[in-house]
**Q** 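Pasting in a structure now, in C-alpha cells, and then I'll have a few things to ask.
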Amino acid sequence: MNDYQEVLQLFMIYVILPLLTIGLLLTLWRLVRGPTFADRVVALDKLSVIAIGIILAYAIGLDRPVYVDIALIVAMLSFLTTVGFGYYIERRV
Amino acid sequence: MELLLFGLAALLMLLSTFFFIVSGIGLVRMPDLYMRMSATSKAATLGAACAFLAGALYFYDNPSVALRVFAGILFIFATAPIGAHMIGRASYARGVAVWEGAVIDEMKDCYDRSTYSFHSSPQQHQTASATSAESGTANQAPTAPSRQATP
C-alpha cells in the first residue's frame, strides 16, 4: 500500500461516491414521478447501471477485486429485468 | 508508472460520473419517453464502460480482473441497445404518446394488434390483411379503397 494507492482510494470514497449519488437521485426522481409505466422501467434500468458504477467505485475504494464479479452479475440481471418488463408491457392485455 | 495508471483510473472514474450525471439530467429534462430512453441507453452505457475500465487499470497486477472487465464491457455494449429497443417498441405498440413537437412519426398505424408485429408501411399492412382475408384467417379488414386505388 503506497501513497498513490491510498490517495486514489480516498478519492473514490470521498469524491466519486457523492457525485454518483447525484445521478442516483436524478434517476430516482424520474422513477417516482414518471408519467407512464415505461418511464419507470427506463429509470429502473438506469438505476442498475449506476449501481454498477457504485460497485466498481467500492471495489477500488476497498481494494477488493472480487467486487468486479458482482458488477458483472448486476449487469446481467438488469438486462434480464429490462427484457422481461418489455415483454410484459407489449403483451399486457 | 503507478502514478500514471492510478491517475488514468481516477480520470476514467470522473468521466463515468460525468456521463452518469449527464444521463440523469437528460432523464429528468427530456419531454418524451423515447428521448429519455436515448439519453439513458447511450450515456449510461458509456459511463458503465468507463467505470469498468477504471477498475481494470486499478487492478493492473491481476489479469483475471482484466478478463472480467472485458467480458463486462462487451456484455453491456451488446445488451443495452437490445433492452432499449424492446422497451421502446413495446411502449410504442401500447400507445405511449410521442412528443407533440415531433415533426414526423413514420410508424403511425403500422402496428398489428392481433399478431404483435409491425409492418413496414400502412399500405403493405392493407395488402397483407387483404391476402390473408382471402385465406379466411384475418378478423379485421379495414379496406380503404382510396388508398389501394393508387398504383
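None of these values were measured; they are calculated from a predicted model. In what follows, chains carry the letters A, B, and so on, assigned in the order in which the sequence lines appear, proteins first and then strands, with residues in each chain numbered from 1.
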**Q** What part of B:F59 gets closer than 4.5 Å to chain A, counting heavy atoms only: side chain, backbone, both or neither?
**A** side chain
**Q** Counting only non-hydrogen atoms closer than 4.5 Å, does B:I21 touch chain A with its backbone (N, CA, C, O), its side chain (CB onward), both, or neither?
**A** both
**Q** Under a 4.5 Å heavy-atom cut-off, does chain A meet the side chain of B:L5, its backbone, both or neither?
**A**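 Neither part.
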**Q** Mind checking the CG-CZ spacing from A:D3 to B:F6? Nearest 0.5 Å is all I need.
**A**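 CZ of B:F6 is found 11.5 Å from CG of A:D3.
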**Q** Under 4.5 Å from any heavy atom of chain B, what part of A:I89 do you find: side chain, backbone, both or neither?
**A**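 Both backbone and side chain of A:I89 come within 4.5 Å of chain B.
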**Q** Kindly give the heavy-atom pair with the smallest separation between B:G72 and A:L72, and that separation in Å.
**A** CA-CD1, 3.1 Å
**Q** Under 4.5 Å from any heavy atom of chain B, what part of A:V41 do you find: side chain, backbone, both or neither?
**A** side chain
**Q** Linking I/L/V/M/F/W/Y whenever their side-chain heavy atoms sit closer than 4.5 Å, directly or via other members, would B:L15 and B:F77 fall into one cluster?
**A**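 Same hydrophobic cluster.
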**Q** Under a 4.5 Å cutoff for heavy-atom pairs, which residue among A:P35, A:G23, A:A38 has the most contacts with chain B?
**A**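 Sorted descending by pairs with chain B, the first entry is A:A38.
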**Q** I'd like to check B:F20 versus A:L26 (side-chain heavy atoms, cut-off strictly below 4.5 Å). Are they in contact?
**A**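 Not in contact.
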**Q** Would you compute the distance between atom OG1 of B:T17 and atom CD1 of A:I54 and round it to the nearest 0.5 angstrom?
**A** 11.5 Å
**Q** Considering only heavy atoms and a distance below 4.5 Å, find which of A:L20, A:I16, A:I52, A:V15 pairs most often with chain B.
**A**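 Top option by heavy-atom pairs under 4.5 Å: A:I16.
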**Q** May I ask whether A:L80 and B:I76 are part of the same hydrophobic cluster, defined by side-chain heavy atoms of I, L, V, M, F, W, Y residues being less than 4.5 angstrom apart, directly or through others?
**A** no
**Q** Are B:F52 and B:L74 joined in one hydrophobic group, where the rule is that I, L, V, M, F, W and Y side chains link up if heavy atoms are under 4.5 Å apart?
**A** no
**Q** How many angstroms lie between NZ in A:K46 and OG1 in B:T45, if you round to the nearest 0.5 Å?
**A**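 So the NZ of A:K46 and the OG1 of B:T45 are separated by 10.0 Å.
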**Q** Which atoms form the tightest heavy-atom contact between B:A44 and A:V49, and what is the distance?
**A**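 Of all heavy-atom pairs spanning B:A44 and A:V49, the closest is O-CG1, 3.5 Å.
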**Q** Quick check for you: to the nearest 0.5 Å, what is the distance between B:I87 atom CD1 and A:F85 atom CZ?
**A** 8.5 Å
**Q** About how many Å separate OH of B:Y58 and CG of A:D63, when rounded to the nearest 0.5 Å?
**A** 3.5 Å
**Q** Grouping I, L, V, M, F, W and Y whenever their side-chain heavy atoms are under 4.5 Å apart, do B:V96 and A:Y88 come out in a common cluster?
**A**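 They do share one cluster, since a chain of ILVMFWY contacts under 4.5 Å joins B:V96 to A:Y88.
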**Q** If you take all heavy atoms of A:G53 and B:A51, which pair is closest and at what distance?
**A**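 That closest heavy-atom pairing would be CA-CB, 4.2 Å.
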**Q** Let me know if B:S16 has heavy atoms under 4.5 Å from chain A in its side chain, its backbone, both or neither.
**A** neither
**Q** Against chain B, work out which of A:D69, A:I22, A:V68 has the most heavy-atom pairs shorter than 4.5 Å and name it.
**A** A:D69
**Q** Give, as side chain, backbone, both or neither, the part of A:M12 having an atom under 4.5 angstrom from any heavy atom of chain B.
**A** side chain
**Q** For A:R64, which atoms come within 4.5 Å of any heavy atom of chain B: side chain, backbone, both, or neither?
**A**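 Contact with chain B involves the backbone of A:R64 alone.
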**Q** Below 4.5 Å, heavy atoms only, C-beta onward: do B:L14 and A:F11 meet side chain to side chain?
**A** yes
**Q** Do other residues, nucleotides or ligands put more than 12 heavy atoms under 6.0 Å from A:F37 CZ?
**A** yes
**Q** Answer yes or no: are there more than 12 heavy-atom neighbours, outside B:F75 itself, under 6.0 Å from its atom CZ?
**A** yes
**Q** Hydrogens and angles aside, do A:E90 and B:Y92 bring a side-chain donor and acceptor to less than 3.5 Å of each other?
**A** no
**Q** So for B:S23, is it side chain, backbone, both, or neither that comes closer than 4.5 Å to the heavy atoms of chain A?
**A**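 Interface part for B:S23: both.
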**Q** Can you tell me which of A:I60, A:V66, A:V42, A:T27 forms the most heavy-atom pairs within a distance under 4.5 Å of chain B?
**A**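 Sorted descending by pairs with chain B, the first entry is A:I60.
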**Q** Would you say A:L77 ends up clustered with A:I70 if hydrophobic residues are merged whenever their side chains have heavy atoms under 4.5 Å apart, either directly or through other cluster members?
**A**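 No, A:I70 does not connect to A:L77 through the hydrophobic network.
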**Q** With distance as the sole test, does A:R30 use its side chain to make a donor-acceptor pair with the main-chain N or O of B:L27 at under 3.5 Å?
**A**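 Answer holds: yes.
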**Q** Given that the side chain runs from C-beta out, which part of A:L8 has a heavy atom under 4.5 Å from chain B: side chain, backbone, both or neither?
**A** side chain
**Q** When rounded to the nearest 0.5 angstrom, what distance separates OG1 in B:T40 from CG in A:L44?
**A** 11.5 Å
**Q** Quick one, A:T82 and B:M86 - any side-chain contact, counting heavy atoms below 4.5 Å?
**A**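 A:T82 vs B:M86: side chains apart.
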**Q** Name the option with the most non-hydrogen atom pairs under 4.5 Å to chain A; the candidates are B:I25, B:L3, B:N62.
**A**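 Of B:I25, B:L3, B:N62, B:L3 has the most heavy-atom pairs under 4.5 Å with chain A.
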